[in-house]
Amino acid sequence: MTAHVLLIRLAAPLQSWGTVSRFSRRDTHSRPTKSGVIGLCAAALGRARTDSLDDLASARFGVRADRPGTPVRDYHTVGGGGYPIRPRDLITDHRRAAALSTAPAASGTGDAFGHHGLAQWYGAPKYIGADPSSGTLVSARPVRGALLTERWYLADAAFVAALEHPDRDLLAAVAHALEHPRRLLWLGRKSCPPSGGLAGPLTGRTIEEAFEGTALLPSHDGNGTGPAGRPWAWIEPGPGATAGTPVRDQPVSFDPERRSHSVRWETRTRVTITDTAAEWDIIP
């Protein structure tokens, strides 16, 4: 069966490919995950989260690190500070109005107007529900402390992802959708939109051949990565093979009610770019 490979350019000022992100700590893998790239393609095609992933997820996956990037930590805080009470706060939440009525200078006139503040009222609301008295949506826990999160990104990174599949029409549809997406696209996280074009060449060869026969993505200094410009690549073996390292990023379903992933395998190798490698015909 003839194999076809679609190369996808993944480059942006920031990207983040979480693997075990939970609550206050949002990590990033050192490279794009298969789950993230399949999700990117599904979004471009306009698929719903409840749609089947069988055709896309069955593709053989690989990623080449042309520019691995630099890990960046974002210490993120939400709330925890003082904030003036606004008129809408008094209208929508009677508990604030009651608390403010007992605060000093609560007359609402003169220079104090617009500068009233209540301790621990500012922050991200939790446990939203209808208030029994007014029916307005309010937080069930009005006192709000600061939320602290640690978020990791890859700065100035550029990768080439590859999808290998026997159905050329499917890959052609993905390539078109990446340049004409039906949904917003991002590289792992909503704050990481891609820069430039995404869809690369669609060829009738294997991932290994495509990586070797395609030039490195342009870098700021014009140099490649690794010894003599030989980048690292992580490539999924053929169907049924269990060689290499197990990775739990094989998407099974993106349905919010039953989102799940299974284990796949991958091997790490250096890629030697051939002297006749095709240059990128894509907007950087």
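These values consider heavy atoms only, across backbone and side chains, with no hydrogens, waters or symmetry-generated copies.
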- Message: With a 4.5 Å cut-off on side-chain heavy-atom distances among I, L, V, M, F, W and Y, is there a chain of contacts connecting Ile8 to Phe61?
- Response: yes
- Other than Leu148, what residues sit in its cluster of Ile, Leu, Val, Met, Phe, Trp and Tyr side chains whose heavy atoms are under 4.5 Å apart, directly or through others? Tyr75
- Taking all non-hydrogen atoms of both residues, which atom of Trp234 and which atom of Ala65 are closest, and how far apart? CZ3-CB, 3.8 Å
- Query: Restricting to pairs with a member in residues 32-41, which pass salt bridge (charged side-chain N to carboxylate O under 4.0 Å, His left out), not counting sequence neighbours?
  - Reply: Lys34-Glu236
- Query: Is it the case that Arg64 places NZ or CZ above or below the six-membered ring of Trp232, under 6.0 angstrom from the centre and within 45 degrees of the axis?
  - Reply: no
- Can Arg31 be said to sit on top of Trp17's aromatic six-ring, NZ or CZ under 6.0 Å from centre and within 45° of the ring axis? no
- Query: Less than 4.0 Å between a side-chain N and a carboxylate O, is that true for Glu266 and Arg264?
  - Reply: yes
- Task: Output all residues satisfying salt bridge (Lys or Arg N to Asp or Glu O under 4.0 Å) with Asp255, sequence neighbours left out; order by chain, then residue number.
- Result: Arg258
- Query: Looking at residues at least two apart in the chain, or sitting in another chain, which of them share a salt bridge (Lys or Arg N to Asp or Glu O under 4.0 Å) with Arg189?
  - Reply: none
- Message: Just to verify, what does Thr272 make a side chain to side chain contact (heavy atoms under 4.5 Å, CB included) with, not counting sequence neighbours?
- Response: Arg230
- Which residues pass the side chain to side chain contact (heavy atoms under 4.5 Å, CB included) test with Thr276, sequence neighbours left out? Thr274
- Can you pull the salt bridge (charged side-chain N to carboxylate O under 4.0 Å, His left out) pairs that have at least one residue in residues 195-218, sequence neighbours excluded? Arg60-Glu208
- Between Pro193 and Lys190, the two heavy atoms sitting closest are CD-O, 4.4 Å
- With sequence neighbours excluded, what pairs up with Arg168 under the salt bridge (Lys or Arg N to Asp or Glu O under 4.0 Å) test? none
- Message: Taking side-chain hydrogen bond (donor to acceptor under 3.5 Å, both in side chains) as the definition, give me every residue that meets it alongside Thr267, ordered by chain and number, with sequence neighbours left out.
- Response: none
- Item | Those residues that, when tested against His176, pass ring pair (Phe, Tyr, Trp, His ring centres under 6.0 Å) (two or more places apart) | His180
- Can you name the residues that form a salt bridge (Lys or Arg N to Asp or Glu O under 4.0 Å) with Asp55, not counting sequence neighbours? Arg47
- Task: Each residue besides Leu184 in its hydrophobic cluster should be listed here, by chain and number; the cluster joins Ile, Leu, Val, Met, Phe, Trp and Tyr at side-chain heavy-atom distances under 4.5 Å.
- Result: Trp186
